[in-house]
A.B. asks: 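Structure provided below as structure tokens; questions to follow.
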Amino acid sequence: MSGAISRHLNNELEFRVARRIAEEKATLQEERVASQPERIRAASVSDSLGAPDADGTVWRRLTTNPNRDLIPVMQDRMIEIAYWLWETNPLAGWLIDITTAFILAEGLPYEAKHPDVKAVLDGFWNDPINRMPLFFPKHVDELHIFGELCLPAFTAAQTGRVRFGYIDPAQIMDVITDPENVKVQIGVLTKGWIGEVAGYSIATEAKKYRTILPPEADYVLSPAAQMLREHFTDGDCFYWSINNVSNSPRGRSSLLPVADWLDAYEQYLFDYADKWPLLNSFVWDLMVDGADDAQIKEHIKAFTKKSGTVYGHNEKVTLTPSAPKLESIEAGEGARLFRNHILGRFGYPEHWYGGGGDVNRATAAEMSSPAIKMLKRKQFTVKYILEDMCAYQIRQARAARYLRVGDEEAGQYSVMLPQMETKDVAKLGTVVQQVGAALIGAENQEWIDKDTARQIFAAITAFIGVDIDLDQVKEAIKEQKETKGYRDYSRTKKAEVGNDA
């Protein structure tokens, strides 16, 4: 990372990061190399290098790629810069906030058919430590700010209730993958921490967390990965990452590609704000024809009076206000150029951030399509995270014998996320009416059969969110035809007797 953003690393934040890195390089790095088993040390390079031959020659596997992670110093630097931008830059904060607001659902994001499964998930979701309605939106923010999310999981032995902690990405030293499959993360190594809290010196040791994998993953882990996981004995954790490729276990911040541009945009606005007072200032241009310096000074003294007084002069004196012309309109175009360049990385149109431009309601809807597509992709990641959490909670509750349901009932739950498209119901209603009339005419002309007409009509109604089950429709129509013409004669007879009375 370079450019204008590097200037901000000369403050206290840079000093704190540099000091921490220096301390860890002097102590924790050596301690890690000395304390970790040989197999764990080899795991970081085993993704790209094979085992050495008898003569010591090392061959690169054709089926694996070099590790694409940032070097640790750059990873730490990215984390601190991304957090600083989110905290201080309005546009950066808005990019994170608007993403989370769109992809998260309001209320409970899950549902379960079995009441016991629903009760277990409700207990997990509303646990006084988890407090997921409050913390899950924060976790989604953190995922996009830092590019990764690591939550250690603690399970109650009696009930199987899962509670989550949180590990700051700056405390992650490395993410270890399966030596034979870089797509599977098997463990997370954290850094030790030395600091002062409330006047007390606090020191924590580096930890080795085992990542939580689906039960099926145990059958696909390589023997080397299974041996490595035996050394991750400090607990279990979830680890998710975004904005990275398959052979880069650690994630990237969503703000990383636009970090310099966000800083340049902010600096541009600050410079314009400093120039703004000059745009509102002016001076009086007093010209006295044929006067010397002394006479000009006398005219200035005569002119400098309180507001509302009269200044008299002859045709040789000219008095005009003079204001600077700093081309303020160009400043707005420049800001728009910066802003659209940043928003383009996220696919967001400028009118989402308050910039109108040449946009009306019709074009605004079309311009939102790329943003909706990109948000749906991010939403899928959040759905995957929620499914991981729910599945693990159900699995732990069943293992503790607190939840006594079968495999089928345990799997009957779903994660719900909001629909992002805005649908014009009036327009869709008109389309449904026109298609229905056209299908009736086509069926009467024997151009299509009744089943085909039903399929076309069901496909149209799916656009407004109504899914028609054709088999159920056929059964319902058949039942209605069988009961058509029948009446409740006892009830009809009573009604006739009452009328006669």
Side-chain angles (χ1 to χ4, degrees), residues 98 101-113 346-352 356-384 387 408 411-496 498-499:
I98 197 66
F102 264 96
I103 64 181
L104 286 188
E106 297 180 359
L108 293 178
Y110 58 86
E111 61 180 7
K113 291 186 177 180
F346 291 79
Y348 299 156
E350 63 175 326
H351 65 272
W352 280 24
D358 298 328
V359 179
N360 54 37
R361 186 172 182 178
T363 57
E366 296 298 328
M367 292 171 65
S368 299
S369 297
I372 297 300
K373 291 293 184 181
M374 297 184 73
L375 285 170
K376 279 187 174 181
R377 183 178 179 182
K378 298 177 186 296
Q379 192 180 58
F380 179 81
T381 302
V382 174
K383 182 180 180 181
Y384 180 83
E387 290 175 345
E408 184 177 355
Q412 290 179 345
Y413 69 92
S414 59
V415 171
M416 302 173 298
L417 293 174
Q419 294 290 333
M420 295 187 185
E421 297 91 347
T422 57
K423 298 177 180 179
D424 191 341
V425 179
K427 183 177 180 180
L428 291 173
T430 303
V431 172
V432 171
Q433 183 179 7
Q434 293 175 350
V435 171
L439 290 176
I440 293 174
E443 186 180 351
N444 292 335
Q445 295 294 328
E446 296 184 352
W447 295 341
I448 58 175
D449 60 298
K450 188 178 291 293
D451 287 340
T452 303
R454 287 172 177 169
Q455 291 178 1
I456 296 174
F457 189 77
I460 296 300
T461 57
F463 283 100
I464 61 176
V466 179
D467 294 327
I468 298 178
D469 190 328
L470 296 180
D471 293 333
Q472 291 182 358
V473 170
K474 289 181 180 180
E475 291 295 330
I477 293 175
K478 182 179 179 181
E479 183 178 353
Q480 289 176 1
K481 286 183 177 180
E482 291 176 352
T483 59
K484 186 177 181 180
Y486 289 92
R487 295 189 303 169
D488 189 346
Y489 288 99
S490 61
R491 181 174 301 177
T492 305
K493 188 65 175 178
K494 292 179 181 179
E496 293 176 354
N499 293 333

A.B. asks: Can you name the closest pair of heavy atoms from Met416 and Leu108 and give their distance?
C.D. replies: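 So the minimum-distance heavy-atom pair works out to CE-O, 3.6 Å.
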A.B. asks: For Tyr413, check ring-ring contact (aromatic ring centres under 6.0 Å, His included) against everything at least two apart and list the hits.
C.D. replies: none
A.B. asks: Considering residues at least two apart in sequence or located in another chain, which fulfil the side chain to side chain contact (heavy atoms under 4.5 Å, CB included) criterion with Phe380?
C.D. replies: none
A.B. asks: What residues form a side chain to side chain donor-acceptor pair (under 3.5 Å) with Thr452, not counting sequence neighbours?
C.D. replies: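 Thr452: side chain to side chain donor-acceptor pair (under 3.5 Å) contacts with Asp449.
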A.B. asks: Which residues pass the side chain to side chain contact (heavy atoms under 4.5 Å, CB included) test with Asn444, not counting sequence neighbours?
C.D. replies: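 Partners of Asn444 under the side chain to side chain contact (heavy atoms under 4.5 Å, CB included) test: Ile440.
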A.B. asks: Who passes ring-ring contact (aromatic ring centres under 6.0 Å, His included) against Phe346, sequence neighbours left out?
C.D. replies: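 Expected list: Tyr348.
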A.B. asks: Taking all non-hydrogen atoms of both residues, which atom of Ala453 and which atom of Leu439 are closest, and how far apart?
C.D. replies: O-CD1, 3.4 Å
A.B. asks: With sequence neighbours excluded, give me every salt bridge (charged side-chain N to carboxylate O under 4.0 Å, His left out) pair touching residues 432-441.
C.D. replies: none
A.B. asks: In this structure, which one of Thr381, Leu375, Ile98 forms a side chain to side chain contact (heavy atoms under 4.5 Å, CB included) with Ile103?
C.D. replies: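 The passing option is Leu375.
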A.B. asks: How long is the straight-line distance from NZ of Lys383 back to CG of Leu417, given to the nearest 0.5 Å?
C.D. replies: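 Between atom CG of Leu417 and atom NZ of Lys383 there are 6.5 Å.
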A.B. asks: Tell me, please, which residues at least two apart from Lys450 pass salt bridge (charged side-chain N to carboxylate O under 4.0 Å, His left out).
C.D. replies: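 Glu443.
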A.B. asks: Please name all residues satisfying side chain to side chain contact (heavy atoms under 4.5 Å, CB included) with Ala438, sequence neighbours left out, ordered by chain then number.
C.D. replies: none
A.B. asks: Using every non-hydrogen atom in the two residues, find where Ala371 and Pro349 come nearest and quote the distance to one decimal.
C.D. replies: CB-CD, 4.1 Å
A.B. asks: Quick one: list whatever passes salt bridge (charged side-chain N to carboxylate O under 4.0 Å, His left out) with Glu387, sequence neighbours left out.
C.D. replies: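 With sequence neighbours excluded, Glu387 shows a salt bridge (charged side-chain N to carboxylate O under 4.0 Å, His left out) to no residue whatsoever.
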